[in-house]
Amino acid sequence: MDIRNDGYTGRFAPTPSGPLHFGSIVAALASYLDARHNDGKWLLRIEDIDTPRVRAGADRQIIDTLEILGLEWDGDIVYQSERLGHYEQALAMLADNDLLYRCRCPRRVTKGKPYPGTCRTRADIDAKPYALRVKTSDRSIIFEDVIQGRLTGRLNELTGDFILRRSDGLIAYNLAVVVDDAGQNITHVVRGADLVDTTFNQIYLQSVLNLPVPVYAHHPLAVDDSGKKISKQDRATDVLAGVSPEAVLLRALHFLEQAPEQNLMRAGKRDILAWAITHWNIDAVRSSPTGKRA
Ligand code: GLU
């Protein structure tokens, strides 16, 4: 597989469905520190194509939070809603290679199970609405996750042929993310472990679209007291509500097992980040498939 090593470009790619919560701060900080420690670039991409989840003004709130924390990105912010033409181009390429088909199955067909391929051989679906699925194979997909170690999966056991464009016209996350990671020359993806399984779909798409495969690192997910993922949608409150940026950064560094020094407890955010960039040690971030109490 084509793994790029020419320089380092990382990214943070939040969905603007609400204010950043502690779990998304961990993702932002881990990807930022890994990039800066490696003298790399760190880009910001707002993943705003899943319109039913997008909340007006949440992008601004996210940007403000990153600024308050002192996490400075490089270049212009990319909005996925401005890149729809690129996703359509990728779909056209897959269609040319006979890897795409129309599907009319209701969503409940797949609830928790791989899609059985019911519409793969149907040639009679003309009128919209229909979803577009990509044909997958049963070969093993293997990648070395920097934090989780070697991971192997087969799409026929995970998702089966998966949706790239929904019947309501929305482009699926898996398609947009691979098109954009390649379009922005992302070499390293550092994000939460809730996205580990989607990596198999993404590596598959990279192979059929002839795109490079970045290095992946999935950090443990911050979960609440009941073991559930903290999500932007269920937390109305901002991570900074009543808490200083320094306290948030230190808490996230502890979560990432970076053992911030005692003398940082009274430091300003610039000094905390400077220390964290120098001392960043991704090997200290322990894998935890079940999530970790925030
Ligand atoms: N937009 C996704 C989210 O907010 C993250 C995508 C990614 O890092 O690949 O959960």
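Hydrogens, waters and symmetry mates are skipped; everything else that's a heavy atom, side chains included, is used. Read the numbers this way: they start at 1 and go in the same order the structure lists the ligands and their atoms.
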salt_bridge(Asp50, Arg166) N-O dist < 4.0 Å: yes
Pro14 heavy atoms within 4.0 Å reach ligand 1 at atoms 1 (N), 4 (O)
What part of Leu195, side chain from CB on, backbone N/CA/C/O, both or neither, has a heavy atom under 4.0 Å from ligand 1? side chain
Should you measure from each heavy atom of Arg11, which atoms of ligand 1 turn up under 4.0 Å away? 7 (C), 8 (O), 9 (O)
Taking only heavy atoms of Val177, which atoms of ligand 1 are found under 4.0 Å from at least one of them? 9 (O)
Does Tyr173 come within less than 4.0 angstrom of ligand 1, counting non-hydrogen atoms of the residue? yes
What are the atoms of ligand 1, with element, lying closer than 4.0 Å to any heavy atom of Glu47? 1 (N), 2 (C), 5 (C), 6 (C)
Side chains of Glu246 and Ile272, heavy atoms from C-beta outward: is any pair under 4.5 Å? yes
Arg45/Asp181 ion pair, N-O < 4.0 Å: yes
Show which atoms of ligand 1 fall inside a sub-4.0 Å distance from at least one heavy-atom site of Arg191. 7 (C), 8 (O), 9 (O)
Residues 264-281 vs salt bridge (Lys or Arg N to Asp or Glu O under 4.0 Å), sequence neighbours excluded, gives Glu72-Arg270
Can you spot which of Leu20, Val243, Ile68, Leu29 makes a side chain to side chain contact (heavy atoms under 4.5 Å, CB included) with Val248? Val243
Please enumerate all residues that pass ring pair (Phe, Tyr, Trp, His ring centres under 6.0 Å) together with Phe200, with sequence neighbours excluded. Phe143
